[in-house]
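Starting from 1, each residue takes its place in the sequence as its number. This is a predicted model, so every value here is computed, not measured.
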Amino acid sequence: SSKNVVMGNNVSYECKNSLIYSDKQLTVTLGVNDLIIASFSDSLLVMDKRYSNQLSGIINKMEQKKYDELDSSPKCFRPWGSYESLKSGQGFQIKEIIVNPNSAISLQRHKKRSEHWVVIKGIATVTKGNKKIQLKKNESIDIKVGEIHRLENKTKKELKIIEIQTGEYLGEDDIIRYKDDYKRV
């Protein structure tokens, strides 16, 4: 058997024992063996699997040389899934958020921003204050400034939402966590 893990926008032929991930652009692989290929909107990784234990060393060298892509990549991975900033401007930011199956963001609140969530794919379980609400595709909810909230995916399929943030400050450090499955503070 081929023993490949292929995710994202990919076409693969005659590939063996490889991990192939593509974020957005179509990635075509033909006749590759024992490779890790990860294609993102701003960078590409192609690596022999035997060298995977050396990847952190390469990233450390890149950090010393101040590669912008390490800090400003639009896609950020978290233990629960990922988010990507699609557009931002004065007082607003639009993100695509993907929550993995059986995963959840922390129970949290923000001091300076409100959020509007629209489900694009899957089923969201939303905690808003002391209520739990289930949202399906094309349904939405507003989270006010200071309101305790959580986004959960209790299903076996990916959850994808669009988040529209509005407020005077939209930094990732405007977060107070109350309960987190991944022991972050």
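One N or O on the side chain of Lys49 and one on the backbone of Asn17 form a donor-acceptor pair closer than 3.5 Å. A donor-acceptor contact shorter than 3.5 Å is absent between the side chain of Lys128 and the backbone of Lys144. Under the 3.5 Å distance criterion, the side-chain polar atoms of Arg113 are left unmatched by any main-chain donor or acceptor of Tyr169. Judged by distance alone, with hydrogens and angles left aside, the side-chain atoms of Arg78 form no donor-acceptor pair with the main-chain N or O of Val99 at under 3.5 Å. Of the possible polar contacts, one joining the Asn10 side chain to the Met7 backbone as a donor-acceptor pair under 3.5 Å is found. The backbone N or O of Ser22 sits nowhere less than 3.5 Å from a side-chain atom of Ser39 that would complete a donor-acceptor pair.
Atom OH of Tyr178 is surrounded by more than 12 heavy atoms from other residues, nucleotides or ligands within 6.0 Å. Remark: Asp173 CG is packed, more than 12 non-hydrogen atoms of other residues, nucleotides or ligands lying under 6.0 Å away. Around the CD atom of Glu172, the shell of radius 6.0 Å holds more than 12 heavy atoms that belong to other residues, nucleotides or ligands.
Here Phe77 contributes atom CZ and Asn100 contributes atom CG; the two are 10.0 Å apart, rounded to the nearest 0.5 Å. To the nearest 0.5 Å, atoms CD1 (Ile176) and CD (Gln108) are separated by 10.0 Å.
Grouping the Ile, Leu, Val, Met, Phe, Trp and Tyr side chains by contacts below 4.5 angstrom, directly or via other members, places Leu19 apart from Val6.
The side-chain heavy atoms of His149 and Thr127, taken from C-beta on, include no pair separated by under 4.5 Å.
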